[in-house]
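Since the structure comes first, as structure tokens, the remarks are kept for the end.
In what follows, chains carry the letters A, B, and so on, assigned in the order in which the sequence lines appear, proteins first and then strands, with residues in each chain numbered from 1. Remember, it's a predicted structure, so these values are computed and weren't measured experimentally.
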Amino acid sequence: MLLRMSTLFVRTLRDDPADAEVPSHRLLVRAGYVRRVAPGIFSWLPLGYLVYRNIERIVREEMDAAGFQEVHFPALLPREPYDRSNRWEEYGDNLFRLKDRKDGDYLLGPTHEEMFTLMVKGEYSSYKDLPLVIYQIQTKYRDEARPRAGILRGREFVMKDSYSFDVDDTGLERSYLRHRDAYITCFDRLGLDYVIVSAQSGAMGGSQSEEFLAPTEYGEDTYVRCTACDYAANVEAVVSPPMPAQDASSLPPAVVHDTPDTPTIATLVDVSNEREDIRRADRAWTAADTLKNVVFMATYPDGTSEPLAVGVPGDREVDVKRIEAALHPAVLRPFEEGDFPKYPALVKGYIGPGALGGEGNIRYLVDPRVAEGTAWITGANEKGRHVYGLVRGRDFDVDGQIEAVEIIAGDPCPRCGATVEIARGIEIGHIFQLGRKYAEALGLTVLDENGKQVTVTMGSYGLGVSRAVAAIAEQHCDDKGLVWPREVAPADVHIVATGKEDAPFETAEELARSLNEAGVRVLIDDRRGASPGVKFKDAELIGIPTIVVVGKRLADGVVELRDRVTGESADVPVSEIAGRLIDLCRA
RNA sequence: CGGGGUGUAGCACAGUUGGUAGCGCGCCUGCUUUGGGAGCAGGAGGCCGCUGGUUCGAGUCCAGUCACCCCGACCA
């Protein structure tokens with residue numbers, strides 16, 4: 001491959017685009033790799049498409065090497081299969097829906113579980129045919145409420161999605177691990193730094209699920225990692241270490257105080273410390289002494305709903321996503337003003353355990369931090385009144401424990417007890433054991449060795465191909481521009497010819513030709529009019545890993561070999577440069 | 001969906017009390033220049049997001065509307 005800057009369809013930008021915030025987006029636009037067409041929808045220019053195709057090729061090679069077989073579905077799909085899995089409804093506004101001329105409903109596939117399931121159903125009917133893994137590399141469509149960060153989160157994107165089909169759980173486990181290994185090989189080859197975190201499988205159902213996250217401050221997934229051991233998990237999946245029950249036998253009895261105008265934790269703490277009759281002798285009250293009770297309306301899949309109260313220490317925030325993960329498939333919404341009249345026991349701002357838990361009352365769950373035997377300041381269920389020293393187990397009971405607080409840096413690691421930190425990452429892969437949800441909905445069964453119909457169990461494995469372009473860019477860039485790992489780079493070598501004489505251009509051309517013949521991918525900057533500064537800046541922005549400058553040093557018989565990653569440069573005799581580069585690119 | 005912001009040339013931006021639309025980069029022509037985004041001269045390029053209003057006159061003021069960006073909610 002031999003590209004020429006003189007004719008390459010690219011225009012680099014000197015200024016940062018105003019609408020690009022994250023580095024990958026900014027640089028991919030500036031270096032002329034992609035252009036925005038509509039929110040979350042991008043076009044690929046030649047340089048960008050070269051990188052995209054390299055990544056796609058690597059992914060395909062690794063999937064094939066793992067023994068998975070490639071198929072291809074349409075992106076434009078009929079409604080019917082999605083009705084059967086109920087996802088025509090479940091997917092909500094995120095689904096791109098359209099009508100054909102006969103007013104039939106169609107959609108642009110956001111993911112293809114249904115289609116894969118039906119394809120296997122159409123072909124196979126015996127346990128002898130399994131296990132099977134098939135995959136595709138396909139454009140997906142999701143009408144995201146807010147696309148962002150360039151191609152990191154678009155409404156149109158390319159994903160490699162595979163699906164495994166097994167007769168039993170052992171087989172599913174095996175297929176899952178095959179994918180896990182294949183993803184590890186694949187992401188290593190792509191030059192991505194990543195962590196594998198355990199994750200909730202969310203609305204997809206299923207049990208085991210892990211995400212591959214590429215750590216970067218601009219990632220949109222928050223995860224937790226231990227500062228001591230190698231524990232890492234999605235925040236939804238973090239479990240708090242068990243809190244031992246406290247001995248409450250020596251604690252004073254609970255007292256109710258009038259605490260007017262203290263509807264928030266902050267005002268409650270302030271008032272408690274100001275008042276002579278409430279103030280503590282040994283230390284000041286803090287938010288951590290208070291028990292905050294937050295009420296939600298939980299709706300279950302059968303359509304019924306009920307209020308649900310969650311208790312957390314007052315110095316902590318509740319994390320609705322973690323609660324939902326624990327209550328799946330129920331969904332929560334905050335209690336609204338209009339809900340209060342229906343539950344007169346609940347006094348807004350002064351809700352306490354007295355009105356919660358137990359028979360006939362509102363279901364009451366507490367975070368593990370509200371341990372058995374601990375004492376709290378909390379609402380007395382009357383406007384302007386709080387109760388002090390209310391002890392769990394002595395003065396109130398709960399209906400259960402739930403992971404409810406927002407995990408913050410410094411919380412204990414569930415594995416080793418050291419502290420965790422919060423980090424951000426880009427979800428580049430997600431593998432999970434789906435189970436039988438789709439097979440059941442769509443009737444995918446096979447005959448087992450006893451001639452009995454058994455429902456097939458499935459796994460689903462996604463890898464963002466277009467997103468990987470941005471994730472790699474995010475992890476491989478500096479203040480000058482992009483710095484691609486060799487295998488995904490648009491070329492191996494960027495030859496820059498400078499000067500007004502013909503000699504450097506002729507030498508550069510000759511070098512480009514011989515490299516090209518040797519299978520080295522070359523981009524040559526053969527522009528006669530452009531000044532050396534422009535060419536150097538462009539080379540650094542475009543980010544091909546090796547840069548060769550053929551210029552004024554040619555008079556001494558040498559060219560300059562620059563490493564884009566380290567920034568180091570070395571003079572190399574013209575006679576040796578081709579050999580050096582060929583070795584470098586084959587290494 | 002809530003909060004904030006922005007719409008003026010391909011890109012990045014300025015535009016005062018309302019008075020014929022500007023700068024830089026990029027692009028075209030010529031000359032000079034050639035190791036870190038060159039210089040000079042001459043050019044091309046605009047539905048000032050859209051609609052309505054006020055006014056002799058609107059990029060500018062008023063009302064409405066649309067779009068886009070950022071933060072949050074949401075996100076198999």
Does the structure show a Watson-Crick or G-U wobble partner for [N], both distances under 3.5 Å? Name it, or say none.
| N | answer |
| --- | --- |
| B:A21 | none |
| B:U51 | B:A63 |
| B:C40 | B:G30 |

Interatomic distance where CD1 belongs to A:I41 and P belongs to B:A67 [whole Å]: 14 Å
Using whole Å, what does the distance between atom P of nucleotide B:C75 and atom CG of A:D221 come to? 12 Å
Does the side chain to side chain contact (heavy atoms under 4.5 Å, CB included) test come out yes or no for A:R564 and A:W484, once each step is laid out? CA-CA 9 Å; A:R564 179 67 182 90; A:W484 297 108; over 6 Å; no
Can you establish whether the number of heavy atoms outside A:E510 located under 6.0 Å from its atom CD is more than 12? no
Short side-chain N/O contact to [N] OP1/OP2 from [X], under 4.0 Å:
| X | N | answer |
| --- | --- | --- |
| A:R527 | B:U34 | no |
| A:R148 | B:G72 | yes |
| A:R146 | B:C71 | yes |
| A:S531 | B:A38 | yes |

Would you call A:R153 and A:E220 a salt bridge, taking side-chain N to carboxylate O under 4.0 Å as the test? yes
Heavy atoms only, 4.0 Å cut-off, all strands: where does A:E501 land among base, sugar-phosphate and nothing? nothing
Is the positively charged end of A:R424 above the ring of A:Y218, judged by distance under 6.0 angstrom from the centroid and angle within 45° of the axis? no
So does A:R562 reach the base of B:G36 with its side chain, donor to acceptor, closer than 3.5 Å? yes
